[in-house]
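Please read the structure below before turning to the comments.
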Amino acid sequence: MVHSLTDVVHKPPGPAVLERVSKHYGSVKALEDVSLEVRAGEVLALLGPNGAGKTTAVSLMLGLMRPGSGRVTLFGQDPGSPRARQRAGAMLQLSGVPQTLRVRELIDLFRSYYPAPLPLERVVEAAQLEGILHRLYGQLSGGQKQRVHFALAVCGDPDVLFLDEPTVGMDVESRRSFWSQVRSLARAGKTVLLTTHYLEEADALADRVVVLNQGRVTAEGTPAEIKARTAGRQIRAVTRLSPDLVRRLPGVTSVQAKGTALQVLAVRAEPVVAELLRLDPGLSDLEVTGAGLEEAFLALTTPAEKEAVR
Amino acid sequence: MNTLRIFALEAKYEFLKSWRLPIYSLSTLAFPLMFYAIFGLSFGNQNAGPVNTATYMLATYGAFGTIGAALFGFGVGVAVERGQGWMRLKRASPMPPLAYFFAKIALALLFGALIVLGMTLLGTLAGKVSLEPLTWLRLFGVLLLGVFPFCALGLFFGYVLGPNSAPGVLNLVYLPMAFASGLWVPLEALPKALQSVAPFLPPYHYAQLALRTLGAGRGENPWLHALALVGFTLAFLALALWAYRRDEGKTYG
Ligand SMILES: Nc1ncnc2c1ncn2[C@@H]1O[C@H](COP(=O)(O)OP(=O)(O)OP(=O)(O)O)[C@@H](O)[C@H]1O
Ligand SMILES: [Mg+2]
């Protein structure tokens with residue numbers, strides 16, 4: 001569908017925008033020509049393996065550093081501007097909090113930074129801090145600390161939330177209840193950007209998923225679309241065929257050498273298996289399984305050059 | 001949101017945060033007091049120029065204590081908060097950056113005031129200190145006003161040092177600098193070579209200004225000392241700015 005010119009001109013930019021942004025740390029290209037818009041009211045998951053550039057993207061949007069090239073805006077302004085920041089809350093991957101302050105005090109302090117913060121009871125409810133308000137931060141368990149970080153992100157009632165790997169270190173139950181908190185924020189009209197390693201988490205929460213790998217956007221779509229791209233079968237067999245050859249077969253999405261065996265992901269198993277047997281009648285130890293979400297996701301994000309290395 | 005309230009809360013929690021770390025509050029407060037009790041009071045009957053030693057050392061050990069509070073409050077504080085990521089979270093928040101520094105200055109002043117008050121009490125009750133209230137107030141005022149160069153120096157070290165190395169390295173700077181500036185034993189008792197180094201060290205000028213309120217010290221032009229302290233403050237701030245940029249580049253690209 002073609003948008004009319006007025007549509008394009010008058011559509012306001014999303015709360016946080018990266019435009020053709022590159023960011024290098026010395027020789028490491030953390031982000032390479034990335035354009036990314038967080039749209040108002042959506043939950044956007046930034047999905048990618050370790051070192052993909054997720055934290056770098058979040059740091060840029062929060063004005064913690066400047067891009068090497070390209071443009072970053074937060075509510076249409078420089079991300080460092082106080083006005084823009086008063087509308088944002090963040091849970092950072094590498095943040096710690098002074099050990100000797102109490103949970104209540106930390107929230108009191110962060111609430112004071114915002115023009116219209118949430119009442120304390122609402123923060124306690126949202127971050128599930130019942131019973132630990134009076135505790136010193138240093139005496140909390142890892143999961144409780146995570147909840148305090150979440151409380152500091154939401155206590156100012158910001159319009160946009162940046163959550164960098166928010167569920168790391170949470171048990172299954174805490175993770176589920178954290179997800180329901182994020183969903184209720186979304187229902188209340190908040191914009192959320194969250195980063196994660198797990199397609200499952202993106203699927204559970206996000207309206208839209210952007211897959212980042214080695215500093216580049218490699219896929220984008222609804223969770224259903226991303227899953228469709230990654231759904232398939234996993235074929236394992238010991239064969240003399242080279243990974244490169246197998247990779248060129250129709251329907252194959254990725255190939256990895258695992259010892260003497262090849263691990264092949266394919267949209268459908270049957271035609272690929274037939275072709276493999278035709279090319280290598282001596283093929284042995286054949287195994288076909290449903291590809292787990294995680295394998296499929298890795299197939300989507302593992303760069304081709306890496307697979308070729310034996 | 002109210003900017004004054006942010007500043008006040010920031011200072012309040014800066015205090016609580018440090019107060020609850022006994023290691024920190026004890027070493028900042030207790031060491032200078034202990035040194036004063038040992039060195040200042042045991043030689044209390046001798047004269048050091050126009051005043052007795054206990055009074056003379058109220059100025060120099062007072063300076064020693066307030067310098068420590070400023071240097072460690074900023075140096076260790078900033079290094080630790082950088083290390084733990086608290087600084088990062090605050091930088092991402094809408095907190096006005098000045099509030100952060102204000103809180104650290106307020107804490108340095110409060111600890112400095114407690115140190116000077118404690119020493120005065122010690123010196124008056126256990127030693128031969130007896131100062132006119134007005135004289136004492138002038139000493140107190142100079143000691144508090146003069147901590148800014150050391151806040152700035154601490155800030156610089158806070159950005160270059162890691163959380164674990166900060167206390168050790170700061171002591172390596174703090175103790176020799178204090179000694180060579182005549183804060184422990186009067187300058188006149190130091191070797192000649194050291195005496196000539198003193199004017200290049202900020203604590204020397206600070207202590208001379210403090211001594212002057214008692215009518216002691218070397219009697220040099222006070223404006224020169226004040227000018228030197230302003231110069232050191234600006235130089236340290238420039239260094240701190242450089243270190244901040246460098247650290248930002250390292251940690252955040
Ligand atoms: N301060 C830094 N100095 C040098 N290199 C860095 C720095 N920070 C990140 N990098 C590199 O930049 C790349 C992207 O890092 P980033 O932290 O953005 O990844 P990420 O997607 O958040 O990874 P993770 O899932 O492990 O948190 C990585 O290769 C990382 O090693
Ligand atoms: Mg990260």
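Everything numeric in this text was worked out from a predicted model, so none of it was measured. The figures here come from the full heavy-atom set of this structure, side chains too, leaving out hydrogens, waters and symmetry mates. Residue numbering restarts at 1 for every chain, and letters A, B, ... go by the order of the sequence lines.
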Rounded to the nearest 0.5 Å, how far does CZ of R102(A) lie from CG of L16(B)? 8.5 Å
Region of F110(A) that comes under 4.5 Å of a non-hydrogen atom in chain B: side chain
Identify the two heavy atoms, one from A92(B) and one from R85(A), that lie closest to each other, and give their separation to 0.1 Å. O-CD, 3.6 Å
Heavy atoms of other groups near R122(A) CZ, more than 12 under 6.0 Å: no
Report yes or no: does R91(B) contribute a side-chain atom to a donor-acceptor pair with the main-chain N or O of L64(A) at less than 3.5 Å? yes
Is there side-chain contact between S95(A) and R88(B), with at least one heavy-atom pair below 4.5 Å? no
Nearest 0.5 angstrom please: L9(B) CG to Y113(A) OH, how far? 8.5 Å
Count the heavy atoms belonging to other residues, nucleotides or ligands that lie under 6.0 Å from CG of L125(B), then report whether that count exceeds 12. yes
Heavy-atom pairs under 4.5 Å with chain B - which of T56(A), D108(A), L62(A) has more of them than the others? D108(A)
Rounded to the nearest 0.5 Å, the NZ atom of K17(B) sits from the CD atom of Q99(A) at a distance of 11.5 Å
Measuring from L92(A):CG to K90(B):NZ, what's the distance to the nearest 0.5 Å? 13.5 Å
NZ (K145(A)) with more than 12 external heavy atoms under 6.0 Å: yes
Out of curiosity, I6(B) CD1 to R111(A) CZ, how far, rounded to the nearest 0.5 Å? 12.5 Å
Do E10(B) and L109(A) touch side chain to side chain, with heavy atoms closer than 4.5 Å? yes
Taking all non-hydrogen atoms of both residues into account, name the closest pair between R20(B) and L136(A) and its distance. NH1-CD2, 3.8 Å
Nearest-0.5 Å distance, OG1 of residue T100(A) to CG of residue L21(B): 4.5 Å
Closest non-hydrogen atom pair between W86(B) and L152(A), with its separation: CZ3-CD1, 4.3 Å
